[in-house]
Amino acid sequence: MLNGKTALVTGGGRGIGAAICKKLASLGADIAIAALFRNEQTDALEKEITEQYGVRAKTYVCDVSDAEACKETVRQILADYGNITILVNNAGITRDMLMLSMKEADFDAVLNTNLKGTFHMTQACYRTFMKQKYGKIINLASVSALLGTAGQANYAASKAGVIALTKVTARELASRNVTCNAIAPGFIATDMTKGLEDQYLDQIPMKRAGKPEDVANLAAFLASPESDYLTGTVIRIDGGLAIS
Ligand code: NAP
């Protein structure tokens, strides 16, 4: 379904990003993994993707909070693969604490990665998508932006910004046949949420955490031609956590 298409996944080395890389590869897409570091994990992921799915996979070291690094990464990917059709803005961090003790540096770090990172990479791909007159942008938001989770002033604000960026991007690129949608996961079992189960599981109507693969399946739909008329939406995947 995605043969001949290239997917750029930021923060693709582990967690939800890695699951998205594998799912899109299983549908035939070549994969560009943008990661903070190249390490054993990214090497193993590249190997698994190429061997198991017969598509290309390569890691590009890129800190998404650095606008120039994003532009250079996109240049390199275009030189290597010839196209970028799918952009998944997945890189993200948390630095949770009550606002009372939250340092400005912790606020900035989360905004710089989660919100500015999404802006930088979208901007870096913008012209390519316009010229191609086709593209799929998938932004990782969070139910935290919808609920205003206590202890996450920086994170919730960054993800609310991601939702706003999603809508702006969708409107700006709609006439070019480029869609942009946001996924708002609830509690997904990854390194990010390790040790926080007791705090959240009780509040989830389905009484269990989601898997990275659950999010990857939704990302695959948003990356595929089956969702070509869907743009500017925010889709929750949370076992009911943020039902309103
Ligand atoms: P994770 O396991 O902590 O993985 C985060 C990934 O982002 C890692 O690969 C990390 O790279 C990368 N990253 C962090 N800062 C980066 C930067 N400046 N530049 C490039 N890459 C960077 O997190 P996850 O749970 O998979 O989360 C993925 C996305 O889903 C995030 O945007 C997160 O906010 C969102 N989300 C997650 C949940 C959840 O319950 N897990 C819920 C809602 C939303 P390294 O490996 O090099 O550190």
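We count ligands from 1, going down the list as the structure has it; atoms in each ligand are counted the same way.
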Asks: Could you say whether the N/O atoms of Val64 and ligand 1 ever approach to under 3.5 Å?
Replies: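 In this structure, Val64 places an N or O atom under 3.5 Å from an N or O of ligand 1.
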Asks: Flag Lys159 as yes when one of its N or O atoms lies below 3.5 Å from any N or O atom of ligand 1, and as no otherwise.
Replies: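 Among all N and O atoms of Lys159, at least one is under 3.5 Å from an N or O of ligand 1.
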Asks: Please indicate whether any nitrogen or oxygen in Asn114 is less than 3.5 Å from any nitrogen or oxygen in ligand 1.
Replies: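 No, no N or O pair falls under 3.5 Å.
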Asks: Taking only heavy atoms of Thr113, which atoms of ligand 1 are found under 4.0 Å from at least one of them?
Replies: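 Going through ligand 1 atom by atom, the ones under 4.0 Å from Thr113 are 15 (N), 16 (C), 18 (N).
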Asks: Can you pull out the closest protein heavy atom to atom 8 (C) of ligand 1? Residue, atom name and distance to 0.1 Å, please.
Replies: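 Scanning the protein heavy atoms, the shortest distance from atom 8 (C) of ligand 1 goes to Arg14 NE, 3.7 Å.
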Asks: Which residue from Phe37, Tyr60, Tyr155 reaches closest to atom 36 (N) of ligand 1 through any of its heavy atoms?
Replies: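 Closest candidate by heavy-atom distance is Tyr155.
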Asks: Say whether Ser65, considering both its backbone and side-chain N or O atoms, lies within less than 3.5 Å of an N or O atom on ligand 1.
Replies: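 So ligand 1 has no N or O lying under 3.5 Å from an N or O of Ser65.
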Asks: Ala184: heavy atom below 4.0 Å from ligand 1, yes or no?
Replies: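 Under 4.0 Å: no for Ala184.
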Asks: At a 4.0 Å threshold, what atoms of ligand 1 neighbour a non-hydrogen atom of Asp63?
Replies: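 It comes down to these atoms of ligand 1: 17 (C), 18 (N), 19 (N).
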Asks: Starting from atom 25 (O) of ligand 1, find the nearest protein heavy-atom neighbour and note its residue, name and distance.
Replies: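 Protein heavy atom at minimum distance: Thr190 OG1, 2.5 Å.
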Asks: Report the part of Ser144 in contact with ligand 1, treating N, CA, C, O as backbone and CB onward as side chain, heavy atoms under 4.0 Å; options are side chain, backbone, both, neither.
Replies: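 Neither; nothing of Ser144 gets under 4.0 Å from ligand 1.
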Asks: Taking distance alone, with N or O pairs closer than 3.5 Å, would you say Gly11 contacts ligand 1?
Replies: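 Right, the criterion is met.
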Asks: Please work out which of Ile16, Ile188, Ile93 has its closest non-hydrogen atom nearest to atom 37 (C) of ligand 1.
Replies: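 Result: the heavy atom closest to atom 37 (C) of ligand 1 is in Ile16.
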Asks: Tell me: protein heavy atom nearest atom 28 (C) of ligand 1, and distance?
Replies: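 Going atom by atom, the protein heavy atom closest to atom 28 (C) of ligand 1 ends up being Asn90 OD1, 3.1 Å.
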Asks: So is Thr10 close enough to ligand 1, meaning a heavy atom under 4.0 angstrom away?
Replies: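 Distance cut 4.0 Å: Thr10 fails for ligand 1.
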Asks: Looking at Asn114 and Ser158, what are the two nearest heavy atoms and their distance?
Replies: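 Looks like ND2-OG, 3.2 Å.
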Asks: Check the pair Asn139, Thr166 against side-chain hydrogen bond (donor to acceptor under 3.5 Å, both in side chains), reporting the backbone distance first and the verdict last.
Replies: CA-CA 7 Å; Asn139 293 333; Thr166 300; 3.0 Å; yes
Asks: Whether the Thr231 and Asn181 side chains hold a donor-acceptor pair (N or O, under 3.5 Å, no angle test) is what I'd like checked.
Replies: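 No pair is found: no donor N or O on one side chain lies under 3.5 Å from an acceptor on the other.
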Asks: Considering Gly17, Ala18, Cys62 one by one, which has a heavy atom nearer to atom 20 (C) of ligand 1 than any of the others?
Replies: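 Of the listed residues, Cys62 has the closest heavy atom.
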Asks: Lys136 pairs by side chain to side chain contact (heavy atoms under 4.5 Å, CB included) with which of Val178, Val88, Asp228, Leu222?
Replies: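 With Lys136 as partner, side chain to side chain contact (heavy atoms under 4.5 Å, CB included) holds for just one option, Asp228.
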Asks: Atom 44 (C) of ligand 1: which of Ala141, Pro212, Ala69 has the nearest heavy atom?
Replies: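 Heavy atom nearest to atom 44 (C) of ligand 1 belongs to Ala141.
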Asks: Do any N/O atoms on Thr193 end up under 3.5 angstrom from N/O atoms on ligand 1?
Replies: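 In this structure, Thr193 places no N or O atom under 3.5 Å from an N or O of ligand 1.
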Asks: Looking at every heavy atom in both Ala69 and Asp63, which two are closest together, and how far apart are they?
Replies: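 For Ala69 versus Asp63, the nearest heavy atoms are CB-O, 4.0 Å.
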Asks: Thr169 side chain to Leu165 main-chain N or O, any donor-acceptor pair under 3.5 Å?
Replies: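 Pair found, side chain donor or acceptor close to backbone of Leu165.
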Asks: Any nitrogen or oxygen of Gly15, side chain or backbone, less than 3.5 Å from one on ligand 1?
Replies: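 N/O-N/O distance below 3.5 Å does not exist for this pair.
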Asks: Test Glu46 against Thr59 for side-chain hydrogen bond (donor to acceptor under 3.5 Å, both in side chains), laying out the working first.
Replies: CA-CA 7 Å; Glu46 277 180 23; Thr59 301; 2.6 Å; yes
Asks: Just heavy atoms, cut-off under 4.0 Å: does Ala189 contact ligand 1 by side chain, backbone, both, or neither?
Replies: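 The answer is neither.
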